[in-house]
Amino acid sequence: MLAPLRRALVREVRSTFNDQARGERPVPASDQALFPVGSVIRRVHGDVTSMMVGGVAALLTQMLHPGALAGVWDHSDVNADMLGRLRRTARFIATTTYAHRDSAMEAIAKVKAIHEQVGGRLPDGTEYRATDPWLLAWVHVAGAINFLDGWRRYGEPGMSGADQDRYFAEHGEIARLLDADPVPRSRAEAERLVREFRPELRTDERTRTYRDLVLNVPARSMAQAPVQLLLKNAAIDLLPPFARKMHVLSPPLAGTVVRGATYGLASALRWAFAGERYRTAK
């Protein structure tokens, strides 16, 4: 009796993350991936809701660095295709986490080739390059912390410190393959690195425009609109306090309600995807 509902939820999620007009399908998992079955990174990255919440928070945090923002602003169609950017980011994460290692390495090589073409000058005249290991380190650590904290809030509140450290160690393997440096190997190292970056973070008119683009992606349907609003508020709630303050965003007034509803959504989607094979090693 519940099977149609389960199928409908799975279909809705897949249509959101996969561009069906381009024939995209969910990334199948492999037992020859960069990370073995049972690794912490596969546990964290396999949860739909926490990754959506963490992903939005990650984008907002990453773009507080003027070099990261400029690379996107100057060299992408982010103003016209924010959904496409979110889809490409999600697909890269899925491929490097679950797909056969050959596919993962191909995806990493493609991103590195794109980075080679990205560079320019900031509004103040400072030169930036997407291949800068220090800039790549910021993009990595800002993403990793938000993805992990999304999972801890909506998937595994009691996650051990040891498993959090394993997540950073595992996720760091992808960052090193992208030539980021330094790359934290533990929660403590990640938090220390974020503190080192804080003096470099800025906001300006472009940051505010990008913030609004991320937070106001048009819903693909009326049914998705309330879910999208919930996830937006959950992402604002998840943001590191310094990032929320820099973006001039206030925590949701009904924070407890937002967290409870988002946890309920996460539970519903985990139920819907239980038994789906696209995250099962082959």
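Computation of the quantities below employed the complete heavy-atom set of this structure, encompassing side-chain atoms and omitting hydrogens, waters and symmetry-equivalent molecules.
Side-chain contact check for H171 versus H140: some heavy-atom pair is nearer than 4.5 Å. Two residues are said to be in side-chain contact when any heavy atoms from C-beta on lie closer than 4.5 Å; D74 and R206 meet this criterion. Side-chain contact between L60 and R211 is present, with heavy atoms from C-beta onward closer than 4.5 Å. Residues R43 and W151 are in side-chain contact: their nearest non-hydrogen atoms beyond the backbone lie under 4.5 Å apart. The shortest distance between side-chain heavy atoms of D31 and H100 does not fall below 4.5 Å.
Neither side chain, H115 nor T131, offers a donor N or O lying under 3.5 Å from an acceptor on the other. With no hydrogens or angles considered, a side-chain donor-acceptor pair links W134 and E200 at under 3.5 Å. In summary, the side chains of D204 and T207 do present a donor paired with an acceptor at a separation below 3.5 Å, with no hydrogens or angles considered.
The same ILVMFWY cluster, assembled from side-chain heavy atoms under 4.5 Å apart, contains both L34 and M51. Cluster membership check: L136 does not share its hydrophobic cluster with W73, using side-chain heavy-atom separations under 4.5 Å among Ile, Leu, Val, Met, Phe, Trp and Tyr. In the hydrophobic cluster analysis, where Ile, Leu, Val, Met, Phe, Trp and Tyr join through side-chain heavy atoms closer than 4.5 angstrom, L69 is grouped together with L215. Both L231 and V48 are assigned to one and the same hydrophobic cluster, defined by single-linkage of ILVMFWY side chains at heavy-atom distances under 4.5 Å.
Here E205 pairs with R208 in a salt bridge; the nearest charged N to carboxylate O distance falls below 4.0 Å.
Within the 3.5 Å criterion, the main-chain N or O of L249 finds no donor-acceptor partner in the side chain of H247.
Tested against D237 for a side chain to side chain donor-acceptor pair (under 3.5 Å), the candidates R244, R259, K232 yield a single pass: R259.
The aromatic rings of F197 and H65 sit perpendicular, their planes meeting at an angle over 60°, well past the 30° parallel limit.
Taking the side chain to side chain donor-acceptor pair (under 3.5 Å) definition, one finds that D149 meets it with R152, R187, sequence neighbours left out.
Note that CE of M63 is 11.5 Å distant from CG of L213, once rounded to the nearest 0.5 Å.
Aromatic ring centroids of F35 and H45 lie 6.0 Å or more apart.
Nearest heavy-atom pair across A57 and L239 is O-CD2, 3.5 Å.
Residues I114, V118, Y128 make up the rest of the hydrophobic cluster containing L122, defined by ILVMFWY side-chain heavy atoms closer than 4.5 Å, directly or through other members.
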